[in-house]
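These notes concern the structure reproduced below.
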Amino acid sequence: MLAKSILLSILTVSVANAHFTLRHPAPFGKSAANQDQGPCGGYTLSDSTPVTEFHVDGEAVAYSSSHPEVKVLFRIIEGNSPDGPNSFKGYPIVEQFGAGDFCEPRVTAPKSLVGKQGIVQVVQNAVDGMLYACAYVRFVNGALSDLPDTCKNGTGVDAGFGEDAALEALVSGSSDAPTGSQTTSAPTGTNTPSSGSLKSISLVAGVVGMAVAVFGGL
Ligand SMILES: [Cu+2]
């Protein structure tokens, strides 16, 4: 009984302290303590906020997640304010399964942002609510050629496209896809997610069922 309650406390603490950790681009801050606070998990821009280059034709966004099932929005914001008027969906909503490292290597931004500063906001709709992390970026031309070491998918981590009205509502710009000739509505031969990251709906449904069963058991 005692052992069980200790185990439960440990589980509770770990869930509270580790929702997800943004690894690339470099986040405003690394603590997840206030990650339920929008727009940037309790952090604001400061003189010491790191700035990462963001390639508008394809940039890696990598994080480590403690939750076995989340929906994720990769939101691209023009300018220095997370509440700025122009924001874009950098990728379709992703539904990620399995806790651990996850990377989407081809998040995009409108070409019109090249040369400007902006914010990449990662928002997860998780079992414990909406979770936020931000990174300060400078938009540059082209696509990232060498993926950072942090861009990897953990064992058992999988993902597919998802739908989430609450996440979609956060994209304020009139255009929810990058402008120009490219779109993010579906991956193409030259703009695919990491191999193996997309599975058939039936497999995804099975994983959801397992996740629900696990949570039901807890
Ligand atoms: Cu959490």
Side-chain angles (χ1 to χ4, degrees), residues 4-44 49-50 60-77 82-83 87 89-104 107 119-136 150-171 193-194 197 199 204-218:
K4 190 177 180 183
S5 61
I6 289 174
L7 178 60
L8 277 176
S9 331
I10 292 172
L11 282 173
T12 306
V13 167
S14 65
V15 166
N17 286 345
H19 305 290
F20 78 97
T21 304
L22 183 61
R23 301 209 190 282
H24 185 89
F28 279 20
K30 289 177 178 165
S31 168
N34 296 314
Q35 203 160 42
D36 57 339
Q37 297 175 13
C40 291
Y43 289 101
T44 53
T49 304
V61 176
Y63 63 76
S64 176
S65 179
S66 70
H67 294 299
E69 199 262 311
V70 291
K71 290 178 182 174
V72 189
L73 167 69
F74 302 99
R75 183 172 172 237
I76 309 297
I77 302 158
D83 300 316
S87 71
K89 203 159 59 174
Y91 201 78
I93 302 290
V94 167
E95 190 161 16
Q96 180 219 321
F97 305 97
D101 293 318
F102 179 74
C103 180
E104 177 41 65
V107 177
I119 293 168
V120 174
Q121 181 195 42
V122 179
V123 187
Q124 288 192 350
N125 194 347
V127 64
D128 46 5
M130 299 287 255
L131 305 169
Y132 306 86
C134 294
Y136 195 37
T150 48
C151 187
K152 57 192 176 187
N153 284 351
T155 307
V157 173
D158 224 322
F161 294 138
E163 291 181 5
D164 191 293
L167 291 175
E168 297 276 1
L170 297 175
V171 181
S194 60
S197 73
K199 295 288 183 183
V204 164
V207 175
V208 170
M210 283 167 54
V212 168
V214 167
F215 277 111
L218 287 178

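The residues of the chain are indexed from 1 along the displayed sequence. Counting starts at 1 for both ligands and their atoms, in listed order.
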(request) With sequence neighbours left out, write down each residue that passes side chain to side chain donor-acceptor pair (under 3.5 Å) with Gln124, or none if nothing qualifies. (result)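 By the side chain to side chain donor-acceptor pair (under 3.5 Å) rule, Gln124 matches no residue at all.
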
(message) Which residues pass the side chain to side chain donor-acceptor pair (under 3.5 Å) test with Asp101, not counting sequence neighbours?
(response)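 Testing Asp101 for side chain to side chain donor-acceptor pair (under 3.5 Å), a comparison that skips the adjacent residues, returns none.
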
(request) Return the name of the atom in Asp128, of element N, O or S, nearest to the Cu ion (ligand 1). (result)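 Output for this pair reads OD2.
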
(request) Have a look at His19 and say which of its N, O or S atoms is nearest the Cu ion (ligand 1). (result)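 The nearest such atom is ND1.
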
(request) Examine all N, O or S atoms of Asp36, backbone included, and report whether one is under 2.8 Å from the Cu ion (ligand 1). (result)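 Here the distance criterion (N, O or S atom, under 2.8 Å) is not met by Asp36, so no.
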
(request) Taking the side chain as every heavy atom from C-beta outward, state whether Pro25 and Val61 have any atom pair closer than 4.5 Å. (result)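 Heavy-atom side-chain distance check passes, below 4.5 Å.
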
(message) Can you tell me which residue among Phe74, Tyr63, Phe97 is in a ring pair (Phe, Tyr, Trp, His ring centres under 6.0 Å) with Phe102?
(response)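 Answer after filtering Phe74, Tyr63, Phe97: Tyr63.
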
